[in-house]
Amino acid sequence: MSSDARASRSGGERAARRRARLGRAFVLRALAVVGALAVVAVVTGVLTTVQGPRVTAVESDPAASVASAGSRIIFTTTQSLAEVDASQVTVTPAADFTVDTSGRSVGLRFALPLWDETEYTVRIDDVRGIGGGPAAVIEERFTTPPLHGYVLQRADGEPDTIYRVGLDGDAVPVFRDEHIEDFRATAARLVVSTIVDDASRLIVTRLDGSAPEELTLPGDGTVTNLQSAEAGNTIGYTFTDADISADGGRESLLFTGSTADPDAAPVPVERSGGDARVEDWRFVPGTDSILMLTFDGALSLIAPDGADSVALGNAIGIDDIAGTQAYVERVDGPAVVDLSTAEEQALAPTDTALGQVGTVLALPGGDTLRALTPFDGLDALDTAIARVDGEGNATEFAQVAATDALLQACVSPSGRYAALVVAPDAVSNIYDGYLLPLPQEVQTRIISLDDGAEVVAIAGFDLSWCRKAPNQ
């Protein structure tokens with residue numbers, strides 16, 4: 001073998017040995033890294049178990065929490081959790097909630113909207129991993145934003161305007177039209193009832209008034225008693241044909257539609273048997289059912305397609321619905337009907353010296369808000385707005401002067417405020433010429449139910465807390 005060949009062979013052997021050494025070193029380094037990672041994982045697991053569950057993420061929407069019921073706060077932790085009981089949870093200020101546990105997460109769902117501009121603390125004690133180990137405490141603070149709503153201002157000689165308003169009195173115009181009869185605000189849309197050539201139109205926009213679309217109506221006619229469901233896209237209204245006469249036509253029939261599908265044909269809601277014309281109605285919160293009062297005085301609970309109608313006797317008015325509790329006016333006085341069982345009980349009466357009962361609205365905790373007007377002969381005196389407990393004991397927190405007209409009272413979603421829709425100087429405050437006629441000057445007074453203080457007075461009506469338009 002030549003010297004060149006021996007040198008080449010020797011170089012190849014050295015290269016092979018070097019590659020082998022590098023390979024062994026790489027394997028050893030890889031094993032070391034894997035070992036180190038394994039040690040870290042073991043140590044981390046041990047530390048996690050020793051320390052107990054720790055929060056890695058919190059999910060909540062404070063803005064939504066003041067606007068509607070059912071908002072949630074969800075904690076994600078480092079461990080799969082043992083079931084958390086409601087007794088382990090403290091919410092300050094107090095708020096009704098339910099709690100659920102799933103894997104590494106525990107969540108609270110609030111039964112009612114939270115108070116606006118309020119710092120809340122959620123504390124969960126004795127939180128344990130499903131595999132055991134020490135307990136931990138979860139605590140989170142958050143502040144809810146200011147509350148806002150929408151109101152309608154009619155203007156003589158100028159376009160009618162829907163404003164977005166705050167409790168500081170700030171008002172921003174979001175939609176204008178030459179003739180706005182009524183509107184409702186859902187979680188994501190405005191539904192506006194207008195008049196064009198003596199016939200109704202329903203316009204759906206975003207909450208800022210943009211992207212208007214027209215909803216399909218049953219035909220040419222007029223829309224009244226516009227309402228929206230508590231959640232989702234469903235709206236409803238009563239409809240009367242433009243050419244109705246003694247010879248026929250649809251009068252005050254109830255229809256539903258969807259803001260998500262403006263082109264869809266509206267769906268009639270009719271009970272079988274009896275008068276189909278609707279005097280008043282409400283969506284039942286949390287369901288797709290409808291409570292309706294027809295022209296013959298019959299009160300019925302009915303599905304949106306008209307099926308499964310349940311007769312609930314006769315009534316002369318529907319005041320409010322809270323959960324499955326309906327507050328209605330019977331001939332012999334106000335009553336509460338449990339819509340889940342059809343059981344009924346009379347509403348505890350107030351002292352007759354306080355006056356005649358008008359509006360009855362549900363408040364959180366089972367109390368009611370009532371308007372009480374005493375009389376001096378045939379002359380009405382100042383109307384008192386009072387909180388009334390289950391025994392009929394009344395605590396007054398606001399008054400409407402006898403010279404003014406109380407058109408409507410509503411309660412904010414959280415139950416923190418009352419909205420009183422008032423026509424000042426009722427005698428000289430003439431009505432406009434709308435299909436839903438109202439005094440030309442109308443204001444909405446926001447009253448704190450905590451201390452009775454007036455928070456703000458807003459020009460206009462149809463505050464979006466209210467489920468329907470004011471009484472005529």
Side-chain angles (χ1 to χ4, degrees), residues 37-145 147 186-188 229-234 258 260 283-289 322-325 339-340 364-365 413-416:
L37 291 175
V39 170
V40 169
V42 170
V43 171
T44 300
V46 170
L47 287 175
T48 297
T49 302
V50 170
Q51 293 176 346
R54 291 177 292 112
V55 174
T56 59
V58 180
E59 180 183 343
S60 66
D61 187 349
S65 71
V66 301
S68 59
S71 65
R72 303 197 70 192
I73 180 168
I74 301 172
F75 301 93
T76 302
T77 70
T78 53
Q79 298 182 39
S80 293
L81 300 176
E83 193 76 19
V84 173
D85 187 78
S87 62
Q88 298 170 234
V89 183
T90 304
V91 179
T92 309
D96 292 338
F97 63 87
T98 56
V99 61
D100 61 271
T101 313
S102 177
R104 295 188 297 117
S105 297
V106 56
L108 273 67
R109 184 183 297 274
F110 296 105
L112 295 172
L114 302 180
W115 282 22
D116 55 295
E117 296 188 280
T118 301
E119 182 181 81
Y120 280 85
T121 301
V122 175
R123 178 185 172 97
I124 309 178
D125 293 310
D126 198 28
V127 181
R128 297 179 182 272
I130 199 168
V137 174
I138 292 175
E139 187 169 287
E140 176 73 8
R141 288 182 173 86
F142 63 93
T143 300
T144 54
L147 187 63
T186 71
E230 188 177 67
N233 304 305
T234 304
S258 173
F283 283 112
V284 179
T287 75
D288 61 355
S289 298
T324 60
Q325 302 293 309
L339 299 179
S340 63
S414 66
R416 187 177 189 179

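- Shown here for Pro53 and Gly129, the closest heavy-atom pair between the two residues is CG-N, 3.6 Å.
- Rounding to the nearest 0.5 Å gives a distance of 11.0 Å between OG1 of Thr56 and CD of Gln79.
- Distance check, rounded to the nearest 0.5 Å: CG of Asp61 to OG1 of Thr144 gives 11.5 Å.
- Here salt bridge (Lys or Arg N to Asp or Glu O under 4.0 Å) pairs that include residues 129-141, with residues two or more places apart or in two chains, are Arg123-Glu139, Glu139-Arg141.
- Side-chain N or O atoms of Ser105 include none that pairs as donor or acceptor with a backbone N or O of Thr76 at under 3.5 Å.
- In plain terms, the two heavy atoms of Pro145 and Ala63 that are nearest each other are CG-CA, 3.6 Å.
- A distance of 8.5 Å separates CG in Leu339 from OG1 in Thr287, rounded to the nearest 0.5 Å.
- Not one N or O on the side chain of Arg128 forms a donor-acceptor pair closer than 3.5 Å with the backbone of Gly52.
- Of the inter-residue distances, the one linking Phe110 atom CZ with Leu108 atom CG reads 5.5 Å to the nearest 0.5 angstrom.
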Donor-acceptor contacts, no H, no angles, side chain residues 65-72, under 3.5 Å, sequence neighbours left out:
unit_1, atom_1, unit_2, atom_2, d
Ser65, OG, Pro62, O, 2.5
Arg72, NH2, Asp100, OD1, 2.5
Arg72, NH2, Asp100, OD2, 3.2

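- Contact record, Arg416 with Asp116: NH1-O, 2.6 Å, taken as the closest heavy-atom pair.
- Ile124 places none of its side-chain heavy atoms less than 4.5 Å from the side chain of Val99.
- Using the six-membered ring where Trp is involved, Tyr120 and Phe142 have ring planes that are parallel, under 30° apart on the 30 and 60° scheme.
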Can you give the donor-acceptor pairs under 3.5 Å from side chains of residues 81-90 to other protein atoms, not counting sequence neighbours?
unit_1, atom_1, unit_2, atom_2, d
Asp85, OD2, Ser87, N, 2.9
Asp85, OD2, Ser87, OG, 2.6
Gln88, OE1, Asp85, N, 2.9
Gln88, NE2, Asp125, O, 2.8
Gln88, NE2, Asp126, O, 3.2

